[in-house]
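By convention in this document, chain letters (A, B, ...) are assigned in the order of the sequence lines, proteins followed by strands, and residues within each chain are numbered from 1.
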Amino acid sequence: MERVQKYMQSGTEALMNIAALILTVISVKLYMTFEVFCPCLPGFNMVYGIGFMFIPPSVFLFLGLTINRYCILATEEHVRPVGGRTKNPAIMKNMISSTVQRALLAPVMWIIMSLLDGKSIICAFSESVNPEKFAELSNKTETELELLLAKIPCKKHDEEINISIRKAVSRYLRCLSQALGWSIIFLLILLAAVARALKPLLSNSAVAMQNSYWTRYTDFEEKFFDKACYTHNYNFAYKAISRYFESLENENRQYIFAIPKKKHDGKQDEKDYLDWITCPEQLDQVLEAWYDYRPPLNLNQNMQLHCEGERVTLSWVPNENNDGCVCSFRENGTSQKTAFKEF
Amino acid sequence: MDKFRMVFQFLQSNQESFMNGICGIMALASAHLYSAFDFNCPCLPDYNLLYGMGILFVPPVVLFLLGFVMNNNVSMLAEEWKRPTGMRQKDPSVLRYMFCSMTQRALIAPAVWISVTLLDGKCFICSFSTDIPLDKLGNQTDHELSERELKRILARIPCKDIFNGHEIVSREVAARYLRCISQAVGWFFVLTITFLAFLVRAIRPCFTQAAFLKTKYWSHYIDIERKLFEETCTEHAKSFAKICIQQFFEGMNKEMGLRHVHYQETQKEEDKEETEKLLGVTDQGTMNKVLKNWHRCKPPLNLNHDVCQNGNASAFNNHNVQFNNLSLPRREVAAYYSKV
């Protein structure tokens, strides 16, 4: 249990794996709960059978995509303005591919289970069976044949059709269905093994490591930003309420606002990086700036440049056209120079 | 028990996952309620449709309202909507955001009920047994029965024990037909809902993401501020009660002329702390005024200015009014870069 808890807390990817697993288990349980109620009417069987095999998997696919955090992050990364940070299409591809892989697990499980079980294939294709394969069906008229074949999936119609015909056709279709099911399983496992083994050989491992690093970075950055906003929320509210009580007109104003600050899980109070904000439009500016202008991935914003004994400070800011950064500096006591770096 | 504790801890780690947990529990409760419910079709021509559709639509409405009742933020939304403007203007986009997120969560349990009902099929069989196409499903075409009589017989299809129309149509065939249609409708409903949920969640960042960040922040702020104010008032009430009772006992002590009242130093320190916690509000009238003002005239969201509250909601300061609009027109971006 502790190991499971530790795994769950290890990051977004672990949570997404667990969510995909839970969805797969739900899909297996749902398949076992739902019975295939073949309509046994000419014309309806195929629609029902194919529908039963493909519509629930689509539901699971959309559910899997919806609950996945990387899907939303990929959209946000795609939509955001470039700002101070160029977009890396490899990150978006990484996120989308990992999302889709996890979301496909539950639908594929449903399809494989329905193929191995065979009932939906029997329902869908009982009318399309070649009557020449079965001796008992060779001497029936076309309309009789149509009705007969449509009723094969339903055991309750045994008084109308010969049990042996029903069993023969069912067995034939079930064999085909199971063969298809097992070959799909085999193919998927082979594909997964080949992909896993050949991926390091065919792709650039260094680039792949970089992409995976920056994907995780984007996730952590969003989480940290949200956390900083929420911490500031609390502190802003605290200050606003203390101001409210301070502003009351009464004689006894010698007091301390004595409400204990909320402790986060027994740790120290979180540092409020937005402590300098005193009014709402400053915060709106921060939020807009975060969206419109993502900062560059460079922590050396104030770089020290040592030029022949004279230290100068560089600080890069975006220029008006928003297509690069400019900085101004002096060298050796000369006049101010500007440098330009394109995004 | 360990498992539950772990799940509970995980769910309580933040507000959003707690609300998601509540939604999940309501959805499971709704599915369980359906399985526990005893479905009794009346098997009468005019009542079947009413009963079937009633089972399909009335419990979802009840579950939807229950979803709103169980959501803590409903009273917050109502308060924010109803409060006088005071020194803090209201932002309709924040109210809209809160209402939308509450509605989305409240819709989950009704959707689960409708899906489970349709996928089970009994409701459809009950409602539409009189409308089945007899030309496709019937056993014989030349029955000499009036329409009324036919409807009466077909209405008994959902009830296995009393069905007596085997010559007209086989009960199994009709039930199977209706159940198939019901399942098809059910799966399409589930597919539509899931697809819509996917669109809303995955495609929403494409629209007004900056404005969304702001409304999300400010709606969370309103919630936090309210909770913190309630916490403050609770602490104040505790200290007020403590000091009130202390003063009463001291008064009684003096009145009854008892001597040997021994106050220790620590007691005096505690008293001082408690008095400080009163925040200068020491009588009922002042406290009532504080609470009334909090509702009638919320203070501005500005930590720079010292505003005097005199209990009059019309104490407007033009300077403050400018600063109180939560949603501002977009500014130029060139000047900003993050300090993080």
Enquirer: Measuring heavy-atom distances to chain A, does B:Ala202 have an atom under 4.5 Å in its side chain, in its backbone, in both, or in neither?
Expert: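 For B:Ala202, the contact with chain A is made by backbone and side chain together.
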Enquirer: First locate atom OH of B:Tyr221, then atom SG of A:Cys229, and finally report the distance between them rounded to the nearest 0.5 Å.
Expert: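 One finds 14.0 Å between OH of B:Tyr221 and SG of A:Cys229.
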Enquirer: Looking at every heavy atom in both B:Arg176 and A:Pro39, which two are closest together, and how far apart are they?
Expert: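 Heavy-atom minimum between the residues: CD-O, 3.9 Å.
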Enquirer: If you measure from CG on B:Leu191 to CZ on A:Phe62, what distance do you get to the nearest 0.5 Å?
Expert: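 So the CG of B:Leu191 and the CZ of A:Phe62 are separated by 6.5 Å.
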Enquirer: Please determine, among B:Tyr217, B:Trp187, B:Tyr177, B:Phe198, the option with the most heavy-atom pairs under 4.5 Å with chain A.
Expert: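 With the most close heavy-atom pairs to chain A, the winner is B:Tyr217.
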Enquirer: Look at A:Ser58, A:Ala240, A:Cys38 and state which one has the largest set of heavy-atom pairs under 4.5 Å with chain B.
Expert: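 Counting heavy-atom pairs under 4.5 Å, the top option is A:Cys38.
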Enquirer: So which of A:Pro81, A:Pro56, A:Gly51 has the largest heavy-atom pair count under 4.5 angstrom toward chain B?
Expert: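 Top option by heavy-atom pairs under 4.5 Å: A:Pro56.
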Enquirer: Would you find more than 12 non-hydrogen atoms of other residues, nucleotides or ligands less than 6.0 Å from A:Tyr217 atom OH?
Expert: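 Yes.
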Enquirer: What part of A:Leu41 lies closer than 4.5 angstrom to a heavy atom of chain B: side chain, backbone, both or neither?
Expert: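 It is the side chain, since no backbone atom gets that close.
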Enquirer: Looking only at non-hydrogen atoms, find the nearest pair between A:Thr66 and B:Arg201 and report the distance.
Expert: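 Nearest pair, atom of A:Thr66 first, then B:Arg201: O-NE, 2.8 Å.
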Enquirer: Which value, rounded to the nearest 0.5 Å, describes the distance between A:Thr75 atom OG1 and B:Gln209 atom CD?
Expert: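 Between A:Thr75 OG1 and B:Gln209 CD, I get 9.5 Å after rounding to 0.5 Å.
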Enquirer: Under 4.5 Å heavy-atom distance to chain B, tell me which part of A:Phe236 shows up: side chain, backbone, both or neither.
Expert: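 For A:Phe236, the contact with chain B is made by backbone and side chain together.
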Enquirer: To the nearest 0.5 Å, tell me how far B:Gln183 CD sits from A:Tyr48 OH.
Expert: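 Between B:Gln183 CD and A:Tyr48 OH, I get 3.5 Å after rounding to 0.5 Å.
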Enquirer: Please report the closest heavy-atom contact between B:Leu228 and A:Tyr234, naming both atoms and the distance.
Expert: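 Nearest pair, atom of B:Leu228 first, then A:Tyr234: CD1-OH, 3.6 Å.
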Enquirer: Please indicate whether B:Glu230 has more than 12 foreign heavy atoms, meaning atoms of other residues, nucleotides or ligands, lying under 6.0 Å from its CD.
Expert: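 It does: B:Glu230 CD has more than 12 such atoms within range.
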Enquirer: How far does CD1 of A:Ile241 sit from CD of B:Glu225, to the nearest 0.5 angstrom?
Expert: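 The CD atom of B:Glu225 is 5.5 Å from CD1 of A:Ile241, to the nearest 0.5 Å.
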Enquirer: Please state whether the side chain, the backbone, both or neither of A:His78 comes within less than 4.5 Å of a heavy atom of chain B.
Expert: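 A:His78 has no heavy atom closer than 4.5 Å to chain B.
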Enquirer: Which region of A:Val59, side chain (C-beta onward) or backbone (N, CA, C, O), has a non-hydrogen atom less than 4.5 Å from a non-hydrogen atom of chain B, or is it both or neither?
Expert: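 Both the backbone and the side chain of A:Val59 come within 4.5 Å of chain B.
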Enquirer: Give, as side chain, backbone, both or neither, the part of B:Leu119 having an atom under 4.5 angstrom from any heavy atom of chain A.
Expert: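 Contact with chain A is through both the backbone and side chain of B:Leu119.
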Enquirer: Using 0.5 Å steps for rounding, measure from the CG atom of A:Asp226 to the NZ atom of B:Lys216.
Expert: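 If I round to the nearest 0.5 Å, the distance is 4.5 Å.
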